[in-house]
Amino acid sequence: MSTPVKRYTVTAALPYANGPKHIGHLAGAYIPADVYVRYLRLRQRDVIFVCGSDEHGTAIPNQALKENTTPRAIIDKYHALIRDSFRELGISFDVYHRTSEPLHHETSQEFFLALHHKGLLTEETSEQFFDAQANAFLADRYIIGTCPRCGHPDAFGDQCEKCGSTLSPAELINPRSTLSGQTPVLRPTRHWYLPLQNYEPWLREWILKDHAHDWKPNVYGQCKSWIDAGLQPRAMTRDLDWGIHVPLPDAAGKVLYVWFDAPIGYISATRALFQELSSGTRQFATPQRDFGAVQPDDWKTYWEADDTQLVHFIGKDNIVFHCIIFPIMLHASQRFIVPTNVPANEFMNLEGNKMSTSRGWSIEMHEYLTDFPGKPDILRYALLTNLPETKDSEFTWKDFQAKNNNELVAIFGNFVNRALVLTQKFFANMVPPRGPATPVDEHALAAIAAAPAAIAAAIEAFRFREATAALLDLARTGNKYLADTEPWKVARHDLPRVGTILHIALQIAANLALVAEPFLPFSAQKLRSMLRLQPHPWTAAGSDTLLPAGHELGLAELLFEKIEDPIIDKQIKKLMDTQNAPTPAPVVAPLKPEIVFDDFTKLDLRVGTVTAASRMEKSDKLLRLTIDDGLQARTILSGIAKHYTPEQLVGQHVTFIANLAPRKMMGIESQGMVLMAEDGDGKLRLLQPDHPVRPGATIS
RNA sequence: CGCGGGGUGGAGCAGUUGGUAGCUCGUUGGGCUCAUAACCCAAAGGUCGUAAGUUCGAGUCUUACCCCCGCUACCA
């Protein structure tokens, strides 16, 4: 709204290097970001496209344990895999860095210290689980125990991988440390917090007011939700030995929170880019344009100058970090600019279900590249036309096939092929001269002139589906033009007229080659070579003189190939097979330690009759039961709403623990615990006597 | 009434400030034969989640409710 934009810093979410990344990630961030950047480059704007691997956090050591190797080996492996996949898919980063690099550690520590020296971080002490034997605080992921929901014996402290529940370590039954197997204890620990709440007025001004109209509704809504809920201080450090050390004298064993250091990775990557550009080395930098002579410090303008536009491309899971926390860090630094826009996408589902690498329900980038060699553009196109821009979308293999066969092949590729084959046939593969234009010709020329602006407007508004559709519309125009003018018929009596028609058709093809570059870079390149067309800036798009009369064309080949059913069926089968893979044997909980008879007699187990049952408001799982135990009506809350309706329970016998200390949940006191048999798959069933008994009957 | 996003022809989606409901794919019929049985034209197909309200007029505004997705919470 103020200063004209002089340069762009475009980032795509740092992929977490704990495993391969799938096409949902591509659809969420990388493909739209790449289209945007390639477009800006064609506009000859000053843009950098930065990314890198996010290699810290607790999940990396965790994955190392799973794969029985070291964190270093994990990040090396997945960094390379992800980086190479991106490159093969044509994601044109100027630099792909990694957060394990010393330069990033240094950048992050400087950032942390800058905030610390300004007095913007607070120190607080809280209680966290500690493993006395390993002498280490345990991140949630390092604590495992029996899941209180499904009984899975190896649920993590933050989440049960089996039933998907979100947990906190305190909920686990028989919690144990993965480091030593010991039961962890609570112990106080000190951390540095960023008081997010202090920045609420600024956020309200910056997001809710200044960006009320230019940010996407899903992003804006999420931000508003967070701000209105009231922001809390957030710990920016962790007790861990994998990560970036807190650069303070009294902070042994403390590292920066991964979400503190990861977004700083964008800055580190930018620094790395300019270091390598100025020194001529190429380790992480893969410059996609001529940057000219630069100095190492030139990175600063891309993060500090007001006339730089910073755009973060991310998936919706990252909104809070890129719109709230990182901007607060940037703003608090009083040095860096904050993002101009954060065009986050929703999620892409796969054949009806959420994508998940761990459950095998996904298409990994490297798998696609192996199964469809030389066809990155088809995936780019299929994702682009189906981006989850406003809501979750769905990828199916049939749709992928249809998009390729009916659109890329039949409309785009076929038009180009028609124009080239006709030119070969009638004009010895030379661009014929153009004669007087008829109204039909004028119409086609007008379409050529209008297309680039329509595409550009959609890209600049972050509407990539629309932009892609506009691209294909130009190819449709070409097909229609040929159908309307019928050069194969005209050839029988008026060859010069055929020349005019093909001249215009070839200009359409040339324009396609130009404006397709951001979307389908490999095919655009191929088409350019078929036309022997030099690269042009975007400003040349819309011109009807890209190919001069007399210009000799190159060798015509098929731009896209049909994909036959068996290929698609094979992919679908592959996906289905992952679900039919031998399901892990039903979980039978391991035996607990032996107890003596006295331990058993401490339990007062009884049978009661349910006299009333109702759902608890605001709870999916809790039922409020009133139970006649022979003495009184006692209230017990039970987490069985997913398994029984209140109506089913009234009148039923239930067994319960009568002398369990009362516990308040959702504001209601629960006086006991109803016993349930739990199946391996998490289903709960009542435990009942096989004949009616009187309420209060004891169990022994 | 926890928060956010979304519910529009068979499928996937557009619909800016309220003024006769559009696009792509699919379907059906026709045309064409240069082209990867591709292309072009036409038609059929929607009570815009439900109900009420504001208005001369609502997919578009208000209210209530229903459903889907995500986040959050309870789970003795």
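Letters A, B, ... mirror the listed sequences (proteins, then strands); counts begin at 1. No hydrogens, no waters, no symmetry mates; every other heavy atom, side chains included, goes into these values.
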Please name the nucleotide paired to [N] by Watson-Crick or G-U wobble geometry with both distances under 3.5 Å, or report none.
| N | answer |
| --- | --- |
| B:rA43 | B:rU27 |
| B:rA21 | none |
| B:rA51 | B:rU63 |

In whole angstrom, give the distance that lies between atom [atom1] of [X] and atom [atom2] of [N].
| X | N | atom1 | atom2 | value |
| --- | --- | --- | --- | --- |
| A:I501 | B:rC39 | CD1 | C1' | 15 Å |
| A:I567 | B:rU36 | CD1 | C1' | 16 Å |
| A:I324 | B:rC71 | CD1 | P | 18 Å |
| A:I319 | B:rC71 | CD1 | C1' | 10 Å |
| A:R634 | B:rA76 | CZ | C1' | 13 Å |
| A:L472 | B:rA38 | CG | C1' | 14 Å |
| A:W488 | B:rA35 | CH2 | C1' | 9 Å |
| A:Y220 | B:rG70 | OH | C1' | 20 Å |

> For atom CH2 of A:W226, is the number of surrounding heavy atoms from other residues, nucleotides or ligands below 6.0 Å larger than 12?
Replying inline: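 No - once you tally the heavy atoms of other residues, nucleotides and ligands closer than 6.0 Å, there are 12 at most.
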> How far apart are the C-alpha atoms of A:R606 and A:D629, what are their side-chain angles, what is the distance that settles it, and do they pass the salt bridge (charged side-chain N to carboxylate O under 4.0 Å, His left out) test?
Replying inline: CA-CA 8 Å; A:R606 297 184 185 223; A:D629 63 7; over 6 Å; no
Say we look at [N] and [M]: how far apart would their [atom1] atoms be, to the nearest angstrom?
| N | M | atom1 | result |
| --- | --- | --- | --- |
| B:rG7 | B:rU60 | P | 12 Å |
| B:rG26 | B:rG6 | C1' | 24 Å |
| B:rC3 | B:rA73 | C1' | 12 Å |
| B:rC56 | B:rG18 | P | 15 Å |
| B:rU47 | B:rA43 | C1' | 22 Å |
| B:rA64 | B:rU54 | C1' | 15 Å |
| B:rG45 | B:rU28 | P | 16 Å |
| B:rA44 | B:rU63 | C1' | 38 Å |

Would you please confirm or rule out a distance under 4.0 Å between OP1 or OP2 of [N] and any side-chain N or O of [X]?
| X | N | answer |
| --- | --- | --- |
| A:N406 | B:rG26 | yes |
| A:K562 | B:rA38 | yes |
| A:R465 | B:rA14 | yes |
| A:K489 | B:rC34 | no |

Need one value for [X]: base, sugar-phosphate or nothing, where a base atom within 4.0 Å counts as base even if backbone is also close, heavy atoms only.
| X | result |
| --- | --- |
| A:F560 | base |
| A:A402 | nothing |
| A:V421 | sugar-phosphate |
| A:K224 | nothing |
| A:L559 | base |
| A:R476 | sugar-phosphate |

> If you check every side-chain atom of A:N417, which of B:rU24, B:rC41, B:rA35 has the closest atom?
Replying inline: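 That would be B:rA35.
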>> Side chain of A:M673, heavy atoms from C-beta onward: which of B:rC25, B:rC34, B:rA76 has the nearest atom to it?
In response: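 The answer is B:rA76.
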>> As a quick check of understanding, evaluate ring-ring contact (aromatic ring centres under 6.0 Å, His included) for A:F560 and A:Y381, giving each step before the final call.
In response: CA-CA 12 Å; A:F560 302 102; A:Y381 183 77; 8.0 Å; no
> Which of these, A:T500, A:V498, A:L506, sits in a side-chain contact (heavy atoms from CB on, under 4.5 Å) with A:P432?
Replying inline: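 Between A:P432 and the candidates, side-chain contact (heavy atoms from CB on, under 4.5 Å) is satisfied uniquely by A:L506.
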> Does a donor on one side chain and an acceptor on the other come within less than 3.5 Å for A:N341 and A:K216?
Replying inline: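 Judged by distance alone, the side chains do not pair up.
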> Between the side chains of A:Q401 and A:D565, does any donor sit under 3.5 Å from an acceptor?
Replying inline: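 Short answer, yes.
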> Quick one: on RNA chain B, does A:L482 or A:K316 contact a more 5' nucleotide (nearest heavy atom)?
Replying inline: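 It is A:L482, whose closest nucleotide lies nearer the 5' terminus.
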>> Between A:E557 and A:N479, which residue's closest nucleotide on RNA chain B lies nearer the 5′ terminus?
In response: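 Checking each residue's closest nucleotide, the 5'-ward one belongs to A:E557.
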> Side chain of A:Q671, backbone of A:T635: donor and acceptor closer than 3.5 Å?
Replying inline: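 Yes.
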>> Generate the contact string for nucleotides 5-12 of chain B. Rules: B means base contact, S means sugar-phosphate contact only, - means no protein heavy atom under 4.0 Å.
In response: SSS----S
>> Does this structure show an ion pair linking A:K398 with A:D569, if we count only N-O contacts that are shorter than 4.0 Å?
In response: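 Yes, A:K398 and A:D569 are salt-bridged.
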> Can you tell if the side chain of A:W215 reaches within under 4.5 Å of the side chain of A:C323, non-hydrogen atoms only?
Replying inline: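 Yes, side chains in contact.
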> Can you check whether A:L512 reaches A:L471 side chain to side chain, under 4.5 Å on heavy atoms?
Replying inline: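 Answer yes - side chains close enough.
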